[in-house]
There are 2 protein chains.
Amino acid sequence: MTACDDRPTDPRVLRSRAKMIDAATDLLIEAGPRAVTVDAVSERSGVAKSTLYRHWDSREGLLVDVMRANVPDIDPAPDGLGFEASIRHVVTELAAMFSSPRWRGILPALMMLQQHQPELAEIAHADHQGKRQILDAVLQLGVAEGRLPADIDEELVARQLIGPIFFAVLTAHPDDDAAVDRTVEFVLERFFASYPG
Amino acid sequence: MTACDDRPTDPRVLRSRAKMIDAATDLLIEAGPRAVTVDAVSERSGVAKSTLYRHWDSREGLLVDVMRANVPDIDPAPDGLGFEASIRHVVTELAAMFSSPRWRGILPALMMLQQHQPELAEIAHADHQGKRQILDAVLQLGVAEGRLPADIDEELVARQLIGPIFFAVLTAHPDDDAAVDRTVEFVLERFFASYPG
DNA sequence: CGGAAACGATACGAAACAGTATCGTAGCGA
DNA sequence: TCGCTACGATACTGTTTCGTATCGTTTCCG
């Protein structure tokens, strides 16, 4: 008997929960958080409203789990790849994450809602930290290889690498996917130019 | 008799309009766009609901004008300042804009709402273009001074300069104002390092 | 197979919200 | 001062939305 095994294993629970989160996610992407109403989620998912309230005690709670379920993961850089290839890998991975239509549709809502909902702010912050950890590992690899100064400020470098891509995604027209690719190339080019090997 | 002088000059119109936009702005900043309801704006502003519908034909229209009224202006770089001082000026100005509590409270809402409201997307785009024009002028000054290559891609450089600041504002904790300042310094430092004079 | 738990369907209440309508009042400008 | 226009107050309709309650049915799991 394992401790803390309070995860639901009943397939009925998992099924209905997944259906509702999927429906809510679709609504969120299609028409924004305003469209994620209890009735709309119930209708779209085919799950009864009463069931929804058996899983969450309010609409807010559902929205929190919708965000949690959609925060994307990225692959950390494989071991033994070397600094330059590793950082290329991570930045490219991050750019792909930001460019994915799914996350593009959700991220702005998360950025806004987190302002007035501490629970969502935590999710956003945890996501941020998770990605930072992966990037920091690569930067430390750069230090170990003597390519980066030992006293490098990882936070500032992270902003320098991710900021332009983040900015491009939130401002560029949705059809202009090439913009992000160009930005990635430019960012990396300038990064290596300023920390020459 | 000037043509196209259809701007309302009646002080009553200007007064009530300003009151409503102010109230709506406060609500938007305090609790997000969901809180900007017709009744709430009416109550908070002290202006009757019927008057609100004399000015706008829907809640959406009001929200559009709220955004329009709050898009911040920045000072363009003064003439004769030279390239390096000019770009410092513009980037600092942009950072101050992003850091202002007012715009910090509104920008995320604009970023989100623009996804499903073309009118707001236009406002965001026009704002972006306006700032870009100011920055581009400074970059062209750099080209004229021989500090930047003539074939410089202004869009990419703009993202490089603004992206990290934008990112810092939307992710950093609201109380950490110093983070933006550090980012500005770092961005400029690296910019001048990679385009040495 | 049989009990327990989850689900579906639906109805319901209360409040919020958008938008309309009416009418008397107040303020502006000519 | 006088007419026109904007405004305030308020009531009202219809819809949306949240959240609760009930009860018969299905589904899982031991």
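In what follows, chains carry the letters A, B, and so on, assigned in the order in which the sequence lines appear, proteins first and then strands, with residues in each chain numbered from 1.
For the segment residues 10-27 of chain A, the set of residues with a heavy atom within less than 4.0 Å of an atom of DNA chain D comprises A:Asp10, A:Pro11, A:Arg12, A:Arg15, in numerical order. Contacts between residues 36-60 of chain A and DNA chain D, counted as heavy-atom distances below 4.0 Å, involve A:Thr37, A:Val38, A:Asp39, A:Lys49, A:Ser50, A:Tyr53, A:Ser58, A:Arg59.
No side-chain N or O of B:Asn70 forms a donor-acceptor pair with one of B:Trp103 less than 3.5 Å apart.
With A:Ile162 as the partner, the side-chain contact (heavy atoms from CB on, under 4.5 Å) test is satisfied by one option alone out of A:Val91, A:Val90, A:Leu135: A:Leu135. Considering B:Gln140, B:Arg132, B:Arg159 as possible partners of B:Glu154, the one that fulfils the side chain to side chain donor-acceptor pair (under 3.5 Å) test is B:Gln140.
B:Glu119 places no side-chain N or O within donor-acceptor distance of the main-chain N or O of B:Gly61, the cut-off being under 3.5 Å.
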Working for salt bridge (charged side-chain N to carboxylate O under 4.0 Å, His left out), residues B:Asp22 and B:Lys19: CA-CA 5 Å; B:Asp22 285 352; B:Lys19 275 191 201 170; over 6 Å; no
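Using a cutoff of 4.0 Å between basic side-chain nitrogens and carboxylate oxygens, B:Glu30 and B:Arg44 are scored as salt-bridged.
Side chains of B:Phe192 and B:Arg88 form a contact here, defined as non-hydrogen atoms less than 4.5 Å apart. Residues B:Ile165 and B:Leu94 are not in side-chain contact: their nearest non-hydrogen atoms beyond the backbone lie 4.5 Å or more apart.
Here the range on DNA chain D touched by chain B, meaning any atom under 4.0 Å from one of its heavy atoms, is D:dT5 to D:dA9.
Taken from CG in B:Leu52 to CZ in B:Arg17, the straight-line distance is 11.0 Å, to the nearest 0.5 Å.
With ring centers used as reference points, A:Phe98 lies under 6.0 Å from A:Phe166.
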